[in-house]
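Taking it in order: structure first as C-alpha cells, then the write-up.
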Amino acid sequence: MGGAFGRYSLIFFLALSVRLLSWNSVFPGDETVWVGGPDAYYHARRAELAAAGAPLSNDLWLNYPQGETLHWPAVYDRMLGIVRKISSSRVVAFSPVLFGVLATLAFSLFAQRLLPDAWLPSSLAFAILPAVVYPSCLGAIDHHCVEALLVCTLAAALSTSSRSPVLAGIIAISSFGIIPMYPILLVLLVGSCILPRCRRASAATSVLLSAALAIPVAGRSYFADPWISRINEAEPLIRSEIDFFKAIVWLSPGFLFLPSACARWWRARSDMPAATALVATAVTLPLVLIQSRFTLYFALPCALALGETWRHASHLPRRLLRILALALLLPSAGGLHEMLSWREDPPRELRRAMSELSRITEPAGNPMDPEARPDYGVVAAWDLGNQILSIGERPVLADAFHTGSSGRDLAHRILLSAPIEATRVADEQNARVLFLTDIASNGYAREYRNTDQPIPYHSLFGQLFILQRTDLGWERIHSSDERIAFELWNVPAVQIWRRK
C-alpha cells in the first residue's frame, strides 16, 4: 500500500507541476489571460453568463446581427460558472489543472490493470505528454481539458469490475451534456464491450467498425463547411517529416511502438483492458490522420504503448533501463519547456485596445443578456471576435465558430470592399465600429489575405488602416503605441475606427 501511495503521489505532483508552467503567461499582472485561443475566451464569457443565471444556448452578441446558436453542451460552462460565482476568474483558471490531474490518475488506474508491472512509466509519460498537458494547463479553460478526464475515466471504469460496462455507460451518457465529441466515447464503450466476446473474424470486424465510426465524427464539420479547413488544427497530424518528429514529442516515442503494442493487445483481447486499448487505438488513429485536433484522444494508446515497450525491456540491466527511461521521457519533457516562453494571447497591446473599446464606445446593450439584440456590431478579424466580446464586452460580426459564416462573410465584405460600398453595407447592418489589425495570416488560420498577396490599399481596410484616411465618414478613436510597416507606411498595429 505504501509503495502504491508513493507512486501515485509522484504521478500526482508531476502532473500538477507541469500544468503550472504557464503561470507567467496566464497571470502577467492583475489580469487573467486565457490559454488556448479564441474558444477559451468564449468559455470565459459563458462562465460569466452562467454565474449571472443567463441562458447559454443562443447568443445574439456573436455573428451579429443574426446571432448564433451554440453547439457546445452547457454542463461544463455551468460548472465553470459555479466556480466563478463563488470565487474569481483566477480560481477558474485552475479548473483545467484539476481536470488534467484527475485524468492522469484515472489513466494510471487503467494502466495498472493493463500493465501491472509497467504502469508507472506509462503513467509518468501520460502525466507530461504535451498533447495532454497543453489542453489542461493553467488557464486553458477550453472544454478539451475535460475530454481527457472523460476518456480516461471511461477506460478505467471498463477495466475495474464485472459491472464496469454499467459504470462506463453512465460516464459515456453523461458526456452528452459536457463535450461535443461524445460520439468518440460511445464508440469506445461499444467497441470495448463487444471485442472480448467475439471470435477472431468478428473481432477484427468490430475493431474496423470502431475505426469506421470514428471517421465521420472527425469529418462532419470538416466536409460540411469548407471554411473549417482553414484552421490549423483541422490539418492531419502528420504532413511532413517535421510533423513526424513533432508527433514523437507530443505523444512520446510510444507513438512509434504502437504496431507491436497493438499486436500484443490483439492476442489478449479477451481481457477488457487489452480490448479497450485496442479499440482506443482503432478509434483515435483515423481521427488524428484526418485532423490533429484529436491528438488528445490519441495520447492514451501512445502512452500505453510506451509502457508495453518498457515491460518487454525490463530484463535489461538497471543502467540500460535508466538510459531507456530517459530516452522515452525526454522528448515530451523537452516539449513542455515551450510553455515557459508562451506569449500572452492575445498580446498585451491587443488586450489594452479591447479594454479601451469598452471605455471609448457607447454600450451596445447588456452583455449579460445574450438573447436581447444589441444596438450595433464591431467588425474585426474572425479570430479576435470571441476575445473582443469577452474583454471588450461588445457584439462582434465575425467569430471563431464554424457556424457563424454569415458574420464572417459580412465582416470580410466590409473590410475588403471599396470604401463607398463598404460603408453602405456597414450602415445597413449597423456595424458602427471597426477594430482593425493586420489581416494577413496569423497563428490560427489563413486569414483574409496571405502574406504573399498584394495589400488591399483600395479597400476600406487599406484606406483606413494603412493610408489613415479621415475623409471617408470614419474617425479613428484609438491607436496603439506599437507600429508595423506596410511597404512605405508605418502605422499603428491596432486601430479602432468609429462611424461619424
Side-chain angles (χ1 to χ4, degrees), residues 34-46 59-72 142 180 221-222 224-235 291 293 345-347 349-351 353-354 357 364 367 370 374 376-417 422 425-426 429-451 453 455-456 459-462 464-465 493-497:
W34 305 114
V35 174
D39 286 356
Y41 279 86
Y42 194 72
H43 278 293
R45 168 168 167 77
R46 286 189 106 191
D59 196 342
L60 294 178
W61 287 58
L62 284 174
N63 195 40
Y64 179 87
Q66 285 81 9
E68 191 152 5
T69 300
L70 275 298
H71 64 286
W72 287 349
D142 198 352
S221 296
Y222 187 89
D225 184 1
W227 176 82
I228 200 73
S229 65
R230 302 179 185 178
I231 301 176
N232 293 337
E233 65 179 18
E235 298 285 351
Q291 296 180 356
R293 63 193 177 113
D345 184 21
E349 200 72 47
L350 271 175
R351 297 200 311 277
M354 292 172 186
L357 178 68
Y376 67 90
V378 176
V379 180
W382 70 263
D383 62 302
L384 298 179
N386 293 356
Q387 299 161 339
I388 290 172
L389 177 54
S390 177
I391 299 174
E393 296 186 330
R394 294 295 181 266
V396 291
L397 277 68
D399 59 62
F401 294 103
H402 67 85
T403 53
S405 58
S406 61
R408 279 192 303 275
D409 292 343
L410 182 57
H412 187 280
R413 186 178 175 188
I414 293 173
L415 289 174
L416 295 187
S417 294
V425 173
Q429 302 298 331
N430 212 18
R432 300 183 199 167
V433 178
L434 309 178
F435 190 98
L436 301 184
T437 58
D438 181 15
I439 56 175
S441 298
N442 55 40
Y444 299 113
R446 297 186 293 277
E447 199 34 88
Y448 299 117
R449 73 170 182 88
N450 292 324
T451 52
Q453 291 180 331
I455 296 174
S459 66
L460 181 64
F461 169 82
L464 297 181
F465 186 76
V494 186
Q495 304 171 27
I496 302 176
W497 293 74

Do [X] and [Y] have side-chain heavy atoms sitting under 4.5 Å apart?
X: Tyr64; Y: Asn430; answer: yes
X: Leu350; Y: Phe435; answer: yes
X: His71; Y: Phe401; answer: yes
X: Ser459; Y: Leu415; answer: no
X: Val396; Y: Arg394; answer: no
X: Gln429; Y: Leu397; answer: no

Nearest 0.5 Å please: distance from the [atom1] atom of [X] over to the [atom2] atom of [Y].
X: Asp438; Y: Gln495; atom1: CG; atom2: CD; value: 11.0 Å
X: Leu357; Y: Glu393; atom1: CG; atom2: CD; value: 10.0 Å
X: Thr437; Y: Asp383; atom1: OG1; atom2: CG; value: 7.0 Å
X: His412; Y: Leu416; atom1: NE2; atom2: CG; value: 4.5 Å

For [X] against [Y], the heavy-atom pair lying closest together:
X: Ala353; Y: Val494; result: CB-CG1, 3.6 Å
X: Ala398; Y: Ala411; result: CB-CB, 4.0 Å
X: Ile414; Y: Ala426; result: CD1-CA, 3.9 Å
X: Pro395; Y: Tyr376; result: CG-O, 2.8 Å
X: Leu436; Y: Phe461; result: CD2-CD1, 4.3 Å
X: Pro65; Y: Leu410; result: CD-CD2, 4.0 Å

Practice item. Fit a plane to each ring of Trp72 and His43, take the angle between them on a 0 to 90° scale, and name the class: parallel (under 30°), tilted (30 to 60°) or perpendicular (over 60°). Key: parallel
Revision key, fill the gap. Residue set satisfying salt bridge (Lys or Arg N to Asp or Glu O under 4.0 Å) with Arg413, at least two apart, ordered chain then number -> Glu421
Exercise for review: Could you pull out all residues at least two apart from Glu68 that satisfy side chain to side chain donor-acceptor pair (under 3.5 Å)?
Suggested key: Thr403
Check your understanding: Within the side chain of Arg45, is there an N or O that forms a donor-acceptor pair under 3.5 Å with the backbone of Ser390?
Key -> no
Check your understanding: Name the one of Asn386, Asp399, Asp59 that satisfies side chain to side chain donor-acceptor pair (under 3.5 Å) with Tyr42?
Key -> Asp59
